[in-house]
There are 2 protein chains.
Amino acid sequence: MVIDINLSNLAGPKLPNPPSIPQPSLARLPQYHHYLVDLEARGITRISCSQIGGDLGYIPVQVRKDLQYTGIIGKPKTGYSVPELIRSIETFLGWNNINEAFLVGAGNLGTALLGHERFSKFGLRIVAAFDTDPEKIGLWIHEKAVLSLDQLSDLAQRMSVHLGIITTPAEAAQAVADEMVKGGIQAIWNFAPVKLRVPENIIVHNEDLYSTLASLSWKLARRFNVPIQEKEAV
Amino acid sequence: MVIDINLSNLAGPKLPNPPSIPQPSLARLPQYHHYLVDLEARGITRISCSQIGGDLGYIPVQVRKDLQYTGIIGKPKTGYSVPELIRSIETFLGWNNINEAFLVGAGNLGTALLGHERFSKFGLRIVAAFDTDPEKIGLWIHEKAVLSLDQLSDLAQRMSVHLGIITTPAEAAQAVADEMVKGGIQAIWNFAPVKLRVPENIIVHNEDLYSTLASLSWKLARRFNVPIQEKEAV
DNA sequence: TTAGACTCGCTATATGGTTATCGATATAAA
DNA sequence: TTTATATCGATAACCATATAGCGAGTCTAA
């Protein structure tokens, strides 16, 4: 969806290289991870799917299936080893080696992300910010320099940065994406509410707040003025 | 969702009241809306599904199906009326009447959302912020007062606020959600990376950045160290 | 006025993900 | 040592969504 997820993150027309794990499962893994780290901190060493499911609101089968994708193997009756499971998820998600990223759009949202130190625990380090606003270029936000967008593609190449984050207004997003592609960036985390046009081999994930907002307001509207009642199922 | 969706927003165990529109379709509607507003600004009055699909990267059938949910009817050969379509989407999503919301957690992300004026165009107005940090209580952020969390449930009831936004750390989120439920809040937009435990009738949408991050780093890791090659399909 | 082409809207099939079921295995208790 | 129970792992049924195909309507152009 988003994904895409889409989840947020909704898959595009078709993926040439089908992922070996469903997008929703991938999205649930960090939840398990967070939960497990908490368990470990409390000194718990073994855990079962039923327990995880019970605590997190999923059914055990689903949890087991998700975890299986990471390659972990559990033992009947006792479940999984907590530290092993944590490692397994981290390895699977590639959280061991850090991805360095460039962020473009030093507005409210961009600033928030720049200040989010916790990302570094999950394999992400934002190393610099970019903007086109002369007022912002040259500033330091949360210890990261704000540079001119012109420099992006060159720097990305030289520093081998593979991940780009777009937090610009919708209008600017496509141009930024083009620039990123030019700089050899492989994956884009896009917070602008537009569908980016990029070469097939570039990974794009949209974090579209308006999609969520749409769901929420639709459901709320539906709850408060229910009169329409589903178009009169004839 | 984020789709939930979970594209972010992943559906929970089961929904008692099945939505009459698929979650993914709901998530795509704002994209169409944004695209259409842009078209209208350029003076274009009629549009076909094929055109929309071509521009946005979907196949025409899907676009048509999504739009049908809003109740719009198009004309063969000419397509849809752009202004009509925009109105249709807005009405369907309930963007005509504003939802007032409370936001809890005046950190980086909370501040960013408070400053996001564009939300008001999409049926959302954040009317106040809450926090537990004494240093923050009493401040004004982007013209919104930061109040003590203690006041939330009472104020929510008196002001009939139905929407809550959680931008706290994971640890605090559940307590905040409980408080919101106590105050009669109907829907929660949750940015904390935890699965909230709330009564069945409360709408919860998770905007879990870590889910997206997981997808991205998995895909990047997969791209750069491909050796494993899918567990050796025996 | 008529032929042609384009596009909508409905119905049917295919795909992907979730849920249910079954057998196997390891622990714990008798 | 034996039996009962909890849990994993795999297979299979099920459901939702995405895709494809077909017929009908309307506009354009000759």
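Values below: every heavy atom of this structure, side chains too, minus hydrogens, waters and symmetry copies.
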[X] [atom1] to [N] [atom2]: how many Å, rounded?
| X | N | atom1 | atom2 | answer |
| --- | --- | --- | --- | --- |
| B:Ile73 | D:dT26 | CD1 | C1' | 14 Å |
| A:Tyr80 | C:dA26 | OH | P | 15 Å |
| A:Asp66 | C:dG16 | CG | C1' | 14 Å |
| A:Leu67 | D:dA10 | CG | C1' | 16 Å |
| B:Ile47 | C:dC6 | CD1 | P | 16 Å |
| B:Lys77 | D:dC27 | NZ | P | 10 Å |
| A:Leu85 | D:dC8 | CG | P | 10 Å |
| B:Arg46 | C:dC8 | CZ | C1' | 12 Å |

I want to check one thing: is the phosphate of [N], taken as OP1 and OP2, less than 4.0 Å away from some side-chain N or O of [X]?
| X | N | answer |
| --- | --- | --- |
| A:Gln62 | C:dG17 | no |
| A:Lys75 | D:dT7 | no |
| A:Gln51 | D:dT7 | no |
| A:Tyr58 | C:dG17 | no |
| B:Arg28 | D:dT17 | no |
| A:Arg64 | D:dC8 | yes |
| B:Tyr69 | C:dG9 | no |

Salt-bridge criterion met for A:Arg87 and A:Glu84 (N-O under 4.0 Å):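 No, no charged N to carboxylate O under 4.0 Å.
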N-O pairing of B:Asp178 and B:Lys182 below 4.0 Å: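 Salt bridge: no.
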[X] side-chain proximity, nearest of [options]:
| X | options | answer |
| --- | --- | --- |
| B:Gln68 | D:dG9, C:dA26, C:dG9 | C:dG9 |
| A:Ile59 | C:dT19, C:dG9, C:dT18 | C:dT19 |
| A:Val61 | C:dT18, C:dT19, C:dA26 | C:dT19 |
| A:Pro24 | C:dT18, C:dT7, C:dT19 | C:dT18 |

Within 6.0 Å of CD1 in A:Ile44, more than 12 heavy atoms from elsewhere: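 Atom CD1 in A:Ile44 is packed in, count exceeds 12.
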Short side-chain to backbone donor-acceptor contact, A:Ser50 and A:Pro60, under 3.5 Å: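 No, the answer is negative, given that no donor and acceptor are paired below the 3.5 Å cut-off.
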Position toward the 5' end of DNA chain D (nearest nucleotide), A:Lys65 or A:Thr78: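 Checking each residue's closest nucleotide, the 5'-ward one belongs to A:Thr78.
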B:Phe224 ring center near A:His162 ring center (under 6.0 Å):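 Close enough - the centres of the two rings lie under 6.0 Å apart.
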